[in-house]
Amino acid sequence: MAPPPSPLPRVRVLERIRVEPQPSDSEQEESALPLTFFDVAWLFTGPVERLFFFRHPEPASTLPLLRSSLSLALRRFYPLAGTIRPHAPFLCSYTRGTDALTMVVAESDSPEDFDRLVARSPRDLALIRPLVPQLPPPGNDGAFALAAVQVTVFPGRGLCLGVSVHHAACDDASTMHFVRTWAAACRLGLENDEGSEDAVLPPPPVLDRSVVADPDDLRGKTLAGMARLAPPPPPTPPPPQQEEKTPMVMASFLLPREQIDRIKEGAAAKASSFVAASALAWVCLLKCGSAGVAGAQRSHMLFSAECRSRLTPPLQAEYFGNCLRPCFVEAATADLLSGETADGVAAAAAAIGSAIREMEQGVLDGAEGWLGSVLSVLPERPMSAGGSPRHGVYETADFGWGRPARVEMVSVEKTPGTVALAESPEGDGGIELGVVLPPDAMDAFASCFAHALGATV
């Protein structure tokens with residue numbers, strides 16, 4: 001059962017710190033990266049927000065090293081300390097001595113909340129939101145910051161490290177590359193030593209945006225499509241948090257390796273772990289009324305597919321930026337909901353797998369119409385998936401205090417019907433699913449999920 005609403009937490013902001021990238025011998029006073037056609041479609045969305053919870057007996061002692069290692073990591077990922085102006089020439093720009101990333105240091109007056117926040121059972125979202133770093137408001141010219149971090153200390157219990165990165169800057173693969181670099185620098189206690197860090201840190205990001213070929217001017221066509229569909233206003237700061245009419249809760253669900261394999265066996269064709277987890281989530285969201293339109297004959301799923309390895313020629317895994325395309329899935333609602341839950345999951349897995357195979361036949365086919373297709377399917381309340389088990393959020397985010405006790409992708413709450421996917425924190429090859437729903441819907445989702453696991457045995 002979902003918990004009763006919790007009293008609003010008391011999280012006090014102690015300090016706001018401007019963290020600049022450590023100077024580099026090769027750094028220029030001003031640097032700019034052009035936005036590719038993969039980037040511009042995200043200009044008027046918002047940040048991806050992720051929280052990492054760590055147990056630590058003296059969390060305040062971590063702050064100096066967190067700050068210095070963040071500065072070192074930003075030397076490689078300096079665009080995250082910069083800004084984007086949402087108008088021509090559409091550049092991600094950084095100016096040394098002017099731009100910086102904001103690091104908020106906060107403290108919880110309720111340290112006992114930490115144990116509740118790292119539990120897998122439903123947690124009141126009102127306890128989680130104050131831990132999420134907010135991007136600074138845009139400037140007078142519309143330029144908006146690309147990233148922010150927040151460290152919230154729970155005295156005697158642990159700390160929460162929040163990272164918010166605007167999607168126009170980069171996708172989740174690049175964000176986690178940055179987090180892995182920051183974590184390694186912190187774990188190893190690195191100082192300003194540009195010569196020796198290459199041997200111990202992850203490979204540096206590839207910042208050259210010219211490696212993304214655009215012979216058909218997909219960037220220009222995407223921008224023209226955006227102007228036709230919705231003339232873009234300047235980004236606005238998020239509204240102040242207000243008390244919700246409907247409380248929301250977040251919960252985590254584990255899909256063990258053996259259950260993933262059984263779902264794969266039930267699929268009509270070869271399926272991946274992503275397909276298996278997404279299929280199960282899709283059916284459970286439909287059954288609890290949190291995806292799809294009531295009475296609709298067809299149901300929809302929408303997710304972003306990684307393109308680095310699918311392009312010709314492929315991009316390096318370390319390419320910094322966005323390299324995603326939308327993938328659209330459609331299936332008969334009756335096939336997903338009729339019969340045993342396992343039958344519906346098998347039908348969902350078959351539909352997702354078929355859509356992926358079709359997408360791979362021409363990864364950039366129809367790119368000029370992607371945005372319009374996304375907007376056209378949104379009224380159908382599609383299920384969507386965020387994150388990926390490939391990013392290794394539990395395995396690689398070791399800042400020197402061991403694996404995180406919990407990792408949350410809080411930004412999934414902004415798009416109803418979205419499920420966050422990550423590798424299992426147990427390290428057993430399973431998948432963790434993060435869901436944000438009203439309490440009653442969460443109870444229904446949990447019941448469906450448990451039944452589905454039993455049905456696949």
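Numbers here simply count residues along the sequence, with the first being 1.
Residues Phe178 and Phe320 place their aromatic rings such that the two centres sit no closer than 6.0 Å. Phe274 and Phe303 have their aromatic ring centers within a separation under 6.0 angstrom. Side-chain rings of Trp182 and Phe399 approach one another, their centers coming within less than 6.0 Å.
Salt-bridge check for Lys414 with Glu49: passed, with a basic side-chain N closer than 4.0 Å to an acidic carboxylate O. A salt bridge does not link Arg116 to Asp124: none of the charged side-chain nitrogens sits closer than 4.0 Å to a carboxylate oxygen. Remark: Asp39 engages Arg209 in a salt bridge, criterion side-chain N to carboxylate O under 4.0 Å. Salt-bridge check for Arg85 with Asp141: passed, with a basic side-chain N closer than 4.0 Å to an acidic carboxylate O.
In this structure, Arg298 places its CZ atom where more than 12 heavy-atom neighbours from other residues, nucleotides or ligands lie under 6.0 Å away.
Looking at heavy atoms from C-beta onward, Thr102 lies out of side-chain contact with Gln134 at the 4.5 angstrom threshold. Side-chain contact between Val104 and Val149: absent, with no pair of heavy atoms (C-beta onward) separated by less than 4.5 Å. Between Leu72 and Leu201 the shortest side-chain heavy-atom distance falls below 4.5 Å. Inter-residue side-chain proximity for Pro79 and Tyr94 is flagged as unmet; no heavy-atom pair is nearer than 4.5 Å. Using a 4.5 Å cut-off on side-chain heavy atoms (C-beta onward), Thr222 and Glu368 make no contact. For the pair Leu421 and Ser388, the minimum side-chain heavy-atom distance is 4.5 Å or more. The shortest distance between side-chain heavy atoms of Met176 and Arg50 falls below 4.5 Å. The shortest distance between side-chain heavy atoms of Thr333 and Gln297 does not fall below 4.5 Å.
A donor-acceptor contact under 3.5 angstrom links the side chains of Thr418 and Ser384, judged on distance only. There is no side-chain donor-acceptor pair under 3.5 Å between Glu413 and Ser411.
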Check the pair Arg403 / Glu395 against salt bridge (Lys or Arg N to Asp or Glu O under 4.0 Å), numbers first and verdict last. CA-CA 6 Å; Arg403 293 162 62 95; Glu395 179 182 356; 5.9 Å; no

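In this structure a side-chain-to-backbone donor-acceptor pair under 3.5 Å is missing from Asn322 to Trp42. Counting only distance, with no hydrogens or angles, the side chain of His166 and the backbone of Phe144 share no donor-acceptor pair below 3.5 Å. The backbone N or O of Cys323 sits less than 3.5 Å from a side-chain atom of Asp171, completing a donor-acceptor pair.
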